[in-house]
Amino acid sequence: MSTSGKYQPQDFEDKWYSYWLQHKFFKSVPDEREPYTIVIPPPNVTGVLHMGHMLNNTIQDVLIRRARMSGKNACWVPGTDHASIATEAKVVNMLKEQGISKKDISREEFLKYAYDWKEKYGGIILEQLKKLGASCDWDRTAFTMDPHMSEAVIDTFIRLYKKGWIYRGIRMVNWDPQGKTAVSDEEVIRKEVNQELYYINYKIADGSGHLTVATTRPETIMADTAICVNPNDERYFHLHGKKVLVPLINREIPVILDEYVDMTFGTGCLKVTPAHDLNDYELGQKHKLPVIDILNDDGTLNEKAEILIGEDRFAARKKVAVMLEEAGSLEKTEDYKSQIGFSERTNAAIEPKLSMQWFCKMGEMAKPALDYVLNGDVKLIPDKFINTYRHWMENVKDWNISRQLWWGQQIPAWYLPNGEYVVAKTREEAFEEAQKITQDSALTIDQLLQEEDVVDTWFSSWLWPISVFDGIANPDNPEIQYYYPTNDLVTGPDILFFWVARMIMAGHEWRGEIPFKNVYLTGIVRDKLGRKMSKQLGNSPDPVDLIERYGADGVRVGILLSAPAGNDLMFDEAYCEQGRNFGNKIWNAFRLVKGWEVDDSLPCENKVAIDWFESRFNQALTEIADNFAQYRLSDALMATYKLVWDDFCAWYLEMIKPVYQHPADRETFTRTVKFFEDILKILHPFMPFLTEELWHDELFGERAENDCCIVAQMPSFGEVNTQLLNEVEVVKQVVTQIRNIRNQKQISPKEALVLSVKVNSGISYNDYKNVIGKLANVSEFTVVNEAVDGAASFLAHTDEFFVPLSQNIDAAAEIERLQKEQEYLLGFLKSVNAKLSNERFVQNAKPEIVQNEQNKKADAEAKLSIIEKQLKDLAG
RNA sequence: GGGAGCAUAGCUCAGCUGGUUCAGAGCAUCUGCCUUACAAGCAGAGGGUCACAGGUUCGAAUCCUGUUGCUCCCA
């Protein structure tokens with residue numbers, strides 16, 4: 001503890017993190033203890049820490065630290081994923097700045113640049129996690145492209161291919177023209193966008209007039225291969241069998257009939273563009289229409305468009321509109337709102353595009369993965385997500401796993417000169433296989449061409465809980481045997497399908513087992529106005545900056561206070577301030593105790609206070625454990641907060657605090673120091689730095705080098721004296737009431753008061769004389785048999801208290817107060833009596849509930865008779 | 001358009017299978033205090049027709065139906 005006396009978390013946080021690292025407290029190796037394992041949801045290697053990470057990793061650290069302090073062998077595996085699209089985009093940009101174009105360099109050269117980039121910038125986020133206090137086993141830091149991790153990916157590809165679950169096919173995919181790759185359905189974010197609906201006239205080829213088509217994408221007319229109308233649409237009977245001319249290019253296309261067309265939308269005439277729309281594609285298949293793809297991979301028009309070649313699709317849209325207008329083919333335009341897909345990675349508008357891709361069948365794998373969740377083997381917390389999960393799993397579509405990129409695991413498929421392909425781990429194995437298939441002795445190994453594409457990053461991530469323990473290539477190794485299945489996974493609901501569902505599938509496929517027992521789904525961090533935090537809005541605080549200002553402990557407390565499980569959280573810096581203030585409170589409570597002198601000759605006069613706090617502490621311990629068992633971390637924190645601030649600081653320390661510059665007795669001091677140590681333990685998972693700092697203070701005596709709070713064992717549950725707890729609650733009421741009287745009558749806390757009690761409850765107030773004397777500054781406390789005249793009075797439980805005051809009592813005000821209370825009690829009694837005199841209540845309600853009502857009745861009646869008597873006395 | 005969820009104090013949220021004074025917590029607010037651990041604090045206090053309308057029940061914040069408003073997922 002620093003000598004400055006002020007709580008300054010920055011002074012010691014780095015010190016203790018280094019100390020923990022040095023002493024390898026985060027390190028885990030299999031042993032005879034029960035394991036407790038968390039694998040980190042690997043953040044994107046290009047990423048920097050944002051508030052979502054803060055939340056997520058604070059939760060993981062709290063769980064892992066608590067497990068570590070509960071006798072478990074705690075292992076938190078950190079790492080990053082290679083984020084193929086995002087990283088490749090960054091590297092391409094970096095090269096562009098250096099004047100290098102990706103087209104001009106080889107795959108090998110590109111990958112070298114990419115690895116250099118990763119080495120240089122890829123670890124930032126992990127360093128930031130250290131600031132937060134994350135107690136990961138850094139020796140285990142994994143990366144989804146580490147050799148053994150990549151090998152697991154390739155093995156998985158081959159295994160699933162051999163099972164017939166991976167196939168290649170032409171499909172309409174979500175094309176990201178900026179990333180120049182396909183993305184999966186889950187990576188497309190739909191947003192409502194204001195667009196224009198263009199009404200375009202197509203001339204009928206025989207010169208008999210025109211028809212009008214409404215479209216949001218006029219630039220795709222050059223790819224039209226038909227116009228479709230509903231066969232039942234009377235307006236268009238005359239068009240059946242006709243041909244029309246595509247405006248601007250005058251290509252002839254047929255009018256086809258299909259009930260698919262919605263007669264009420266637009267004009268009822270649909271342009272069919274099989275290459276650029278999924279529904280049109282299916283329609284085209286059905287009617288055997290040709291496919292004309294007019295777009296390049298980067299979203300510009302190609303020569304098949306005939307016009308505007310090389311223009312970007314959005315620029316082309318505007319130009320086509322102008323050209324149509326000039327040609328007299330544009331009937332009108334209308335404002336129109338519709339849902340457009342955007343790439344999660346690049347935010348480019350997704351272009352539906354036909355291309356040859358690799359797919360992974362999901363149906364077979366989804367079934368067991370769904371069952372694990374439905375039968376509770378894998379628990380989703382909160383369980384409201386089970387419905388969402390089930391819905392997705394029951395309607396799962398095949399997963400497009402190929403990406404047209406270099407950064408990632410290259411698909412282990414090898415093309416032969418004749419167009420066939422084989423799937424094999426190495427070129428050599430592929431060659432062997434190829435020879436077998438082709439029986440071609442002329443085939444040479446160099447003739448094999450490996451698939452250019454890589455697999456989706458999630459195709460690595462779904463193996464994460466297994467592959468970090470090398471459980472794919474070495475399924476029986478001691479690590480995977482020990483740590484798998486892991487315990488808790490902490491992540492956001494937005495990747496329930498991307499990742500969580502697929503990990504469960506992979507777990508079942510490779511090990512016939514779940515990957516984790518519990519999935520804690522955090523909410524999304526929003527600003528206090530409820531908006532999602534985003535770079536564009538600039539409404540996200542920089543977590544590292546927050547840590548510098550409030551301390552890591554303060555930020556951890558702040559973010560947990562605002563984060564009930566599964567709910568989005570409205571983050572406000574005020575929570576961090578509350579966290580820091582809490583740290584300050586603990587710090588100062590510590591300074592108080594530390595400052596006490598001890599006099600061994602003094603007797604202990606605080607037995608009641610000590611016994612009370614011990615009971616209260618044990619009670620809170622159960623509450624906290626219960627909250628943890630239900631993953632109610634903010635409640636666990638709040639229970640701890642109240643125990644420390646209210647019970648320990650505000651009540652206990654005030655009860656036992658020696659008079660200024662007077663020494664404490666040995667017993668009180670020793671017990672209090674012990675309480676403090678236990679408090680540090682339960683606080684540690686939430687506030688690791690502060691607790692470690694105080695743990696090593698000389699107040700606790702000499703500590704061995706490895707005697708650290710981080711590895712201390714949680715206090716064990718002790719006895720709870722309920723009667724004592726209840727009595728102290730009454731005593732606290734007494735103290736509050738006296739303080740109230742002081743407030744009302746403007747009596748200084750320094751002025752001692754005299755107190756008498758007429759006991760009706762059986763509580764032995766003698767035991768609490770000291771406590772009440774100290775907390776309420778009462779110099780004389782006597783038990784009386786009769787009411788004291790002319791004194792301020794109040795009720796605590798059913799006991800009557802009297803405080804004679806130098807000033808006269810305002811009898812009228814006192815009467816009014818009592819009458820108010822009487823009125824309330826009479827009303828209350830009435831409702832209780834109404835219940836009790838209701839036969840159906842007495843018959844139907846559970847006996848203990850009826851008994852309760854009777855207790856309430858007796859209690860109210862007792863209070864009423866006291867008040868009546870007091871009123872009579874005042875009147876008399 | 002289909003599905004799910006939510007609505008409780010100024011704010012963020014608890015409130016389990018209806019029944020202890022059930023209407024709560026934290027923060028914020030108000031009042032009084034620089035009482036030598038802490039003003040990043042202490043002591044008090046106020047604040048809600050539990051979205052709205054019906055229903056079931058001896059009894060509803062809690063269960064049912066409808067209405068309104070918001071959020072998310074899917075098409």
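Quick caveat: nothing in here was measured; it's all calculated off a predicted structure. Chain letters run A, B, ... following the sequence lines, proteins first and then strands; every chain starts at 1.
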Secondary-structure notation, RNA chain B, from Watson-Crick and G-U pairs under 3.5 angstrom (| other strand) = (((((((..((((.....[....)))).(((((.......))))).....(((((..]....)))))))))))).
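Each of A:Pro749 and A:Gln746 lies near RNA chain B, and the nucleotide nearest A:Gln746 is the one positioned closer to the 5' end. Nearest-nucleotide positions on RNA chain B place A:Phe828 closer to the 5' end than the other of A:Phe582 and A:Phe828.
Within the 4.0 angstrom heavy-atom criterion, only backbone atoms of the sugar-phosphate kind lie near A:Tyr641; the bases stay farther away. Across all strands shown, A:Glu654 has heavy atoms under 4.0 Å from base atoms, whether or not it also approaches the sugar-phosphate. Across all strands, A:Ser748 comes closer than 4.0 Å to no nucleic acid atom at all (heavy-atom distances). At a threshold of 4.0 angstrom between heavy atoms, the contacts of A:Asn852 include nucleobase atoms, whether or not backbone atoms are also involved. A:Arg739 comes within 4.0 angstrom of the backbone, heavy atoms only, and of no base. Among the atoms of the strands shown, base atoms are found under 4.0 Å from some heavy atom of A:Ala589.
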Contact string for nucleotides 70-75 of chain B, one letter per nucleotide 5' to 3', B = base within protein heavy-atom range under 4.0 Å, S = sugar-phosphate only, - = neither, reads -----B
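Across all non-hydrogen atoms, the minimal contact from A:Phe669 to A:Val593 is CE1-O, 3.7 Å.
Across B:C64 and B:A40, the matching P atoms stand 49 Å from one another, rounded to whole Å. The separation of B:C38 from B:C33, taken at their C1' atoms, amounts to 15 Å, rounded to a whole angstrom. Atom name C1', nucleotides B:G46 and B:A7: the rounded distance is 25 Å, in whole Å.
If you check the side chains of A:Glu577 and A:Asn581, you find no donor sitting under 3.5 Å from an acceptor. Defined by atom type and a distance below 3.5 Å, a donor-acceptor pair is present between the side-chain atoms of A:Asp799 and A:Ser761. Using modelled atom types and a 3.5 Å distance limit, the side chains of A:Glu751 and A:Asn777 yield no donor-acceptor pair. Side-chain N/O atoms of A:Glu727 and A:Gln723 include a donor and acceptor closer than 3.5 Å.
One atom, CG of A:Asn743, and another, P of B:G46, lie 12 Å apart when rounded to the nearest Å.
Put simply, A:Arg591 has no side-chain N or O that comes within less than 4.0 Å of OP1 or OP2 on B:A37. Taking side-chain N and O atoms only, A:Lys585 has a distance below 4.0 Å to OP1 or OP2 of B:C42.
A:Lys846 is linked by a side-chain contact (heavy atoms from CB on, under 4.5 Å) to A:Glu848, A:Ile849, counting only residues two or more places apart in sequence or in another chain. A search for salt bridge (Lys or Arg N to Asp or Glu O under 4.0 Å) contacts involving A:Glu623 returns A:Arg616, not counting sequence neighbours. Listed by chain and number, the residues in a salt bridge (Lys or Arg N to Asp or Glu O under 4.0 Å) with A:Arg217 are A:Glu219, A:Glu351 (sequence neighbours excluded).
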CA sep, side-chain torsions, deciding dist, call: A:Glu729, A:Lys732, salt bridge (charged side-chain N to carboxylate O under 4.0 Å, His left out) | CA-CA 5 Å; A:Glu729 282 315 301; A:Lys732 282 155 104 176; 3.2 Å; yes
Could you please spell out the steps behind the side-chain contact (heavy atoms from CB on, under 4.5 Å) verdict for A:Asn588 and A:Tyr7?
-> CA-CA 8 Å; A:Asn588 282 299; A:Tyr7 171 57; 5.5 Å; no
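Between the side chain of A:Lys835 and the base of B:C58 there is no donor-acceptor pair of N/O atoms closer than 3.5 Å. Residue-to-nucleotide contacts include no donor-acceptor pair under 3.5 Å from the side chain of A:Gln744 to the base of B:A45.
Taking the six-membered ring where the residue is Trp, A:Trp587 and A:Phe12 present parallel rings, their angle staying beneath 30° rather than reaching 60°.
When atom types are taken as modelled, the side chain of A:Asn174 and the backbone of A:Val183 share a donor-acceptor pair closer than 3.5 angstrom.
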Within the sub-3.5 Å range, which N or O atoms of nucleotides 62-65 of chain B have a protein N or O partner, and how far apart are they?
none

